Protein chains: 4
Amino acid sequence: MMNKKKFIAVIGGSECSLQEAELAEKVGCELARQGAVLVCGGLGGIMAAACKGASSEGGVTIGILPGGNRQAANPYVQIPIVTNLGEARNVVVVKSAEAVIAIGGGYGTLSEIGHALRNGLPVVGLNTWSLSRNDQSDNSIILAQDPAEAVKKAIGSIKNE
Amino acid sequence: MMNKKKFIAVIGGSECSLQEAELAEKVGCELARQGAVLVCGGLGGIMAAACKGASSEGGVTIGILPGGNRQAANPYVQIPIVTNLGEARNVVVVKSAEAVIAIGGGYGTLSEIGHALRNGLPVVGLNTWSLSRNDQSDNSIILAQDPAEAVKKAIGSIKNE
Amino acid sequence: MMNKKKFIAVIGGSECSLQEAELAEKVGCELARQGAVLVCGGLGGIMAAACKGASSEGGVTIGILPGGNRQAANPYVQIPIVTNLGEARNVVVVKSAEAVIAIGGGYGTLSEIGHALRNGLPVVGLNTWSLSRNDQSDNSIILAQDPAEAVKKAIGSIKNE
Amino acid sequence: MMNKKKFIAVIGGSECSLQEAELAEKVGCELARQGAVLVCGGLGGIMAAACKGASSEGGVTIGILPGGNRQAANPYVQIPIVTNLGEARNVVVVKSAEAVIAIGGGYGTLSEIGHALRNGLPVVGLNTWSLSRNDQSDNSIILAQDPAEAVKKAIGSIKNE
């Protein structure tokens, strides 16, 4: 049954560097190889690259869209969820996953990292934000050196319920 | 590609009569046979019966949950979307579909019918609400006599974009 | 303290007839005279007319906007709440009130009536939807003949907690 | 008219240290003295302290609640907005304000900072998160040394439209 599969969110900007897109595509490939379902925000940049990777390996891709039009999904999204909630859809992306992989990213990604950590979800980071408070580092984001390590750590960190 | 498939929402109460559950299960079966993806609110009653039917015919089932816990999905949901938005998830159910089939239903279903008609989505009804305003009937809900007719009318009414 | 005041939602279309606008303005006036706070969707039509009436009598007006821009509020909204949630804001309008007055209205209003009844909130109707299911009338909407009666019934129907 | 007033959000944890509560209360006092309307999440901790301060100086306080019950608002909230949206209400808190003051805070506050910066809103920080990406500091959060400076910088940073 598909709901025994692991659901992993890949978060990152709708615009990104070529290097970040390459990382995202490899993450998507590796998620599919490991049998995980990819959850993302459904648009371009990191999201499209991850969906492209997952699709190329026969994986399932879910795109939780901020707008009201299913046509806005990138072409590698198989399951478009049309929310029309704007950025509030970031919460839905995060809560629909069992672990999160953050790649690069701007302030929208930062908001998703905040929501994920607030919910106790594991967050694995590739070239993403570092956090500190009152001059003390917050080490909640699990660092990964490459896409394979990111996927391995994300799947390995999921709590069984 | 899966995003060329038709996405049809089945809406109805989380509690329902045996007769309504039977209608919902047959609607789910027929949707799967026609290659449509089933979107619903992911809980029990009409939603579970429709998912059961669709699953039994090898169809894909999406459950857009009101709460914050993926475990609340009925056992036939393959793709749980965890919103924690409460009833505001009703809007997401409707907007993620290209047509809606309403079966029986209480006031939550009524709200979904309102959102669907507001968005210009076709709504097919089986034993559901009738609407009138200022003593004039509103005939926007497309009536169906049985599950097969409901599915046929729902798929047939989708506008191609 | 303001939170001992009654919060009443006025729902109705962003476009309406002159006669409906007059009803809404009178409802707004009467709500303010009774010391109630007006909650609405913050846009034009019924919403603007009700806010105009309430403001003219020194009442407080809250507009819960669907878009992302506070400038979209009608000029009589004193407290704009900017949701960018699209129609999902209808749920927030209803849940922020202790009773609802529906005037005229299209399908968006119908969705709000559904959400209100689903939440057990009293709904008073002036020239609005009538509901039936399986040829049986649903009499949950409390009918009123004029604005003063609508306000009286709305305030009188609020359950004390 | 109240909608010419400035709307400023105060964000921070529902649990906080005594020192942080004192900062928040002083921020609330100062906002009210400057004629600004306080927007917050409506619960305890930083939110209650800020509302207490604003109320003590005759200011207006808005609490945008995550749950479905208006009784959950802290006693200093005058305008409770009942969303039942869970954490997605964080977006509504931020978007309903013209500038944000972050005090201390956990991951929920981090998510709000992300949403605010994403929307181009000024964010003033008192003892709150520091951000960096790829070993480069992100200096978007405007630092303040005390409550009066925080309020001055927040009001001063609002763009006139």
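This is a predicted model, so every value here is computed, not measured. Labels below follow one simple rule: chain letters A, B, ... track the order of the sequence lines, proteins then strands, and each chain is numbered from 1. Every heavy atom of this structure was used, including side-chain atoms; hydrogens, water molecules and symmetry mates were not.
- Interface remark: A/S130 contributes backbone and side-chain atoms alike to the contact with chain D (heavy atom separation under 4.5 Å).
- Both the backbone and the side chain of D/S132 come within contact range of chain A, with heavy atoms under 4.5 Å apart.
- Listed in order of number, the residues of residues 100-117 of chain A that approach chain D to under 4.5 Å between heavy atoms are A/G104, A/G105, A/G106, A/Y107, A/G108, A/L110, A/S111, A/G114, A/H115, A/L117.
- For a heavy-atom cut-off of 4.5 Å, chain D lies close to no residue in residues 26-36 of chain A.
- Inspection of non-hydrogen atoms places D/E87, D/A88, D/N90, D/V91, D/K95 of residues 87-96 of chain D under 4.5 Å from chain A.
- Open room surrounds CZ on D/R118; 12 or fewer heavy atoms of other groups in view lie less than 6.0 Å from it.
- Heavy-atom contacts from other residues, nucleotides or ligands closer than 6.0 Å to NZ of A/K52 number 12 or fewer.
- Of residues 136-147 of chain A, those residues with a non-hydrogen atom less than 4.5 Å from any non-hydrogen atom of chain D are, in numerical order, A/D138, A/S140.
- Residue-environment remark: CD (D/E15) stays at or below the threshold of 12 foreign heavy atoms within 6.0 Å.
- More than 12 heavy atoms of other residues, nucleotides or ligands lie within 6.0 Å of NZ in A/K153, so this atom counts as buried by the packing criterion.
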